[in-house]
Number of protein chains: 2
Amino acid sequence: MTTAADSKDEARLGLRRRRVTLHDLAKVAGVDPSTVSRVLNGDRTLVVKDETRRRILDAVEELQYVPNAMARGLRRQRSQMIGLLVPDIANPFFPEIILGAERVFSEAGYRLLLGNTSEDPEKEHAYVELLRSNVVEGLMLATAFTQDETVEELTRLGVPYVLVNRAHAGTSNYVVVDDRVASRGTADYLVGLGHRRIAHVSGPLYTETGLARLRGYREGLRAAGIEYREEYVIEGDFKEASGARAIERLLKLDEPPTALLAANDLLALGAMGACRSLGVRVPQDLSIAGFNDVPFCSMVTPALTSVRVPRLEMGMASARRLLDLLSGSDALQSPIVLGTELVVRDSTAPPSR
Amino acid sequence: MTTAADSKDEARLGLRRRRVTLHDLAKVAGVDPSTVSRVLNGDRTLVVKDETRRRILDAVEELQYVPNAMARGLRRQRSQMIGLLVPDIANPFFPEIILGAERVFSEAGYRLLLGNTSEDPEKEHAYVELLRSNVVEGLMLATAFTQDETVEELTRLGVPYVLVNRAHAGTSNYVVVDDRVASRGTADYLVGLGHRRIAHVSGPLYTETGLARLRGYREGLRAAGIEYREEYVIEGDFKEASGARAIERLLKLDEPPTALLAANDLLALGAMGACRSLGVRVPQDLSIAGFNDVPFCSMVTPALTSVRVPRLEMGMASARRLLDLLSGSDALQSPIVLGTELVVRDSTAPPSR
DNA sequence: TTGAAAGCGTTACCAG
DNA sequence: CTGGTAACGCTTTCAA
């Protein structure tokens, strides 16, 4: 018992005392380390005498024992960590995805290693190495601009990964929304308001999302019997500035549009800003709709009509899928497609002309 | 050489082949594992024959060897990981802090484990355990509502940690801005515009930041010889709704204020929203200033005047301090206080009455 | 029901 | 300059 007491004093002493190991604990409890391990891992198959268990648990309390995760990980070949890669945490699209993932993972006893790739392929690759070095057991990629190369490398390595908000031909482990259908829905809505001259600022057309949203737009117009006008479609880059630039060009046309379907909220916001400085009123002179429904949509004036993407759900679903993969369920599951919803606010109205 | 070739074929085969260890590598290179280790760790003191080095490096390429981080960590007693705790990633105040920290840490070869505490003391405590279990080497706490208990426990344990945007008596390892001075600056500015009836929606008064900003406000008024009016100060909780509630009460007063100094941007935004629905024009009828300058300040209409807090810098400085701590520099450093700047936008103007 | 021993994949020390 | 060997702290057979 003196051992225990001494240790306690040591603990009070504080600062950087040697870590308590299973060994110390076993000595204090008067049993073998392996027995301690069994008790601590709640091994239900092996039965342990009640009194022994008691003694061990007491010792744990006494010594404030916490197992060393690296030793355990090395032995078990599991780190209990997941890597989550995002292109830019500051982009309001991602935090909720992270939140959703964190919720599911922490519930399952996994920790989250966060990586901001800044859309840099090298950084991205560094995180693949992390997987190979057993730092993480799986990877969640929320990086839309990802080099396909990375995805292919992961597939080749045969390691567990899931794609968030992005599809890929080589896998079915991804969670997305149907961008085409959602975009089509917004187009339909604008048509329903009475608009005929509807423009579109797209995302980069080398991204899946950019393309799909453009397709949805075209589909909506076609269904309404509205002729496609090339000058009404401008390729942007998902950032504010290109939305502003687009609107400036559109308003110079002989027949300017009465509505704008932007491929994301930032583009819409940029467009709104440009309208303000040009003295064009939204929605009276021009209706604007965005995509993603990031938090600021409801904060700007006029509040922005947008497509709600269930980001929290997306993060959670992706995490669950990855967990499935990790538990070795080899059953090939199909991609997960989540539903969207058009949130109508104040930036859209019937055309006044 | 056959071994190497075989391994290569195995690699092409892909899927879940056994990990390559230092042993395999040593065999292929025809040297002892310890020699490989020396070469790979770039030990400059020990000299290695060029040809040996060459052979080893070739083998690394050949086998695509990546060291096992857990084995290394166990041996070296270092995980190369830092835990970063935030109360809520979705709060726009935090992403940039995370970004700054990530930048510094990844440069230094550390990885970031992200923890969302949701202001839940239990979760917070779970992350302290992570430290004790050697998962992370240090902790960065960006949680303003943190129980003091946690900080004290960390101090007692003698482990490396740093506080972000929050001071604490028991330590000098924190990075903050001078909230009082910044708040005072905004008050001075409003006074300078000609306002005399200036109200304040504070943060929770059990937070350091909440208190300090209130003090700055009072100081500014006192310096201008403006009498303190109790009914002009309302305690909020840093969230939109309480900003709205506050403004409703303030506008019912016999002498409603002509300016509002909000303790953060969310409060200011809530106030702005309430003004809109009450038909009160900003800034003509009421000037509003916020605090933190989160990204949406420049996006709302009218754009919100606010105090810029160097969040990226804050994340970086905190990370650097933690790195210092980790490298065992025992030199007691003083707290880091970063400068702020008032960003004047469209939500503030001279009083019209 | 418990103990002993053999690793997990590294690194660091000591010989040679 | 390089090889052997003993840990790091834990889990998991295999015996007893």
Side-chain angles (χ1 to χ4, degrees), chain A residues 17-57 59-60 63-80 109 129-135 137, chain B residues 17-57 59-60 63-80 109 129-135 137:
Chain A
R17 77 183 191 290
R18 199 175 72 69
R19 288 207 68 248
V20 177
T21 74
L22 205 57
H23 242 84
D24 308 329
L25 190 65
K27 229 185 315 176
V28 170
V31 294
D32 190 84
S34 58
T35 306
V36 178
S37 175
R38 270 187 293 254
V39 170
L40 262 38
N41 291 303
D43 196 333
R44 290 330 279 141
T45 61
L46 279 296
V47 197
V48 182
K49 226 200 315 188
D50 261 7
E51 200 230 310
T52 313
R53 179 188 304 278
R54 176 96 258 116
R55 276 220 308 280
I56 293 175
L57 263 22
V60 168
L63 302 189
Q64 294 275 23
Y65 170 74
V66 181
N68 181 313
M70 287 187 295
R72 170 179 285 184
L74 176 58
R75 183 59 231 234
R76 296 216 264 217
Q77 301 284 48
R78 316 190 44 201
S79 65
Q80 301 283 89
E129 294 293 274
L130 234 56
L131 217 167
R132 300 197 57 214
S133 67
N134 286 23
V135 170
E137 294 181 35
Chain B
R17 76 184 192 293
R18 200 174 72 69
R19 288 206 69 246
V20 177
T21 74
L22 205 58
H23 242 85
D24 307 329
L25 189 65
K27 230 187 310 179
V28 170
V31 295
D32 190 87
S34 57
T35 307
V36 179
S37 176
R38 268 187 296 253
V39 170
L40 264 37
N41 291 304
D43 198 333
R44 290 330 281 140
T45 61
L46 279 296
V47 196
V48 182
K49 228 203 309 189
D50 262 5
E51 200 232 309
T52 314
R53 179 190 303 278
R54 176 94 263 115
R55 276 221 309 282
I56 292 174
L57 263 22
V60 169
L63 301 189
Q64 294 274 22
Y65 170 74
V66 180
N68 181 313
M70 287 188 294
R72 172 178 283 184
L74 176 58
R75 182 59 235 230
R76 297 217 266 219
Q77 302 284 48
R78 317 188 45 201
S79 65
Q80 300 282 89
E129 295 292 275
L130 233 54
L131 218 167
R132 300 197 57 212
S133 66
N134 285 24
V135 170
E137 294 181 34

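Lettering of chains follows the sequences in order, A, B, ..., and the numbering in each one begins at 1.
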**Study point:** Separation of D/dT2 P from B/Leu25 CG (nearest whole Å)
**Key:** 15 Å
Review point. What nucleotide, of D/dT2, C/dT10, C/dG7, holds the atom closest to the side chain of A/Arg75?
Key: C/dG7
Check your understanding: Below 4.5 Å, heavy atoms only, C-beta onward: do B/Asn41 and B/Arg72 meet side chain to side chain?
Key -> yes
Point to revise | Short side-chain N/O contact to D/dT11 OP1/OP2 from A/Asn41, under 4.0 Å | key: yes
Check your understanding: In Å, rounded to the nearest 0.5 Å, how long is the span from OG1 of B/Thr52 to CG of B/Asp32?
Key -> 12.0 Å
Practice item. Using atom CZ of B/Arg19 as one end and atom P of C/dG9 as the other, report the distance to the nearest whole Å. Key: 8 Å
**Study point:** Between C/dG7 (P) and A/Gln77 (CD): distance, integer Å
**Key:** 14 Å
Review point. Of the nucleotides C/dT10, C/dC8, D/dT2, which one has an atom closest to the side chain of B/His23?
Key: C/dT10
Check your understanding: So, is B/Thr52 close to the D/dT2 phosphate, meaning a side-chain N or O under 4.0 Å from OP1 or OP2?
Key -> yes
Review point. Minimum heavy-atom separation for B/Tyr65 to B/Thr21, with atom names?
Key: CE1-C, 3.7 Å
Study note, to complete from the structure: Between CZ of A/Arg132 and P of C/dG9 the distance, given in whole Å, is 15 Å
Review point. Would one find a side-chain N or O of A/Thr35 under 4.0 angstrom from OP1 or OP2 of C/dT2?
Key: no
**Study point:** Euclidean distance, atom CG of residue B/Leu22 to atom P of C/dT11 [Å, nearest integer]
**Key:** 6 Å
Check your understanding: Which nucleotide in the list D/dT11, D/dG3, C/dG3 gets nearest to the side chain of A/Ser34?
Key -> C/dG3
Point to revise | Side-chain heavy-atom pair B/Ile56, B/Leu40 within 4.5 angstrom cut-off | key: yes
**Study point:** For atom CZ of A/Arg78 and atom C1' of D/dC10, their distance in whole Å
**Key:** 15 Å
Exercise for review: Check the distance between D/dG9's P and A/Arg72's CZ and give it to me in whole angstrom.
Suggested key: 15 Å
Practice item. Quickly work out the A/Tyr65 OH to D/dG9 P distance and round it to whole Å. Key: 10 Å
Review point. Are B/Thr21 and C/dG9 close enough that a side-chain N or O sits under 4.0 Å from OP1 or OP2?
Key: no
Exercise for review: Compare all side-chain heavy atoms of A/Gln77 with those of B/Arg19 and state whether any distance is below 4.5 angstrom.
Suggested key: no
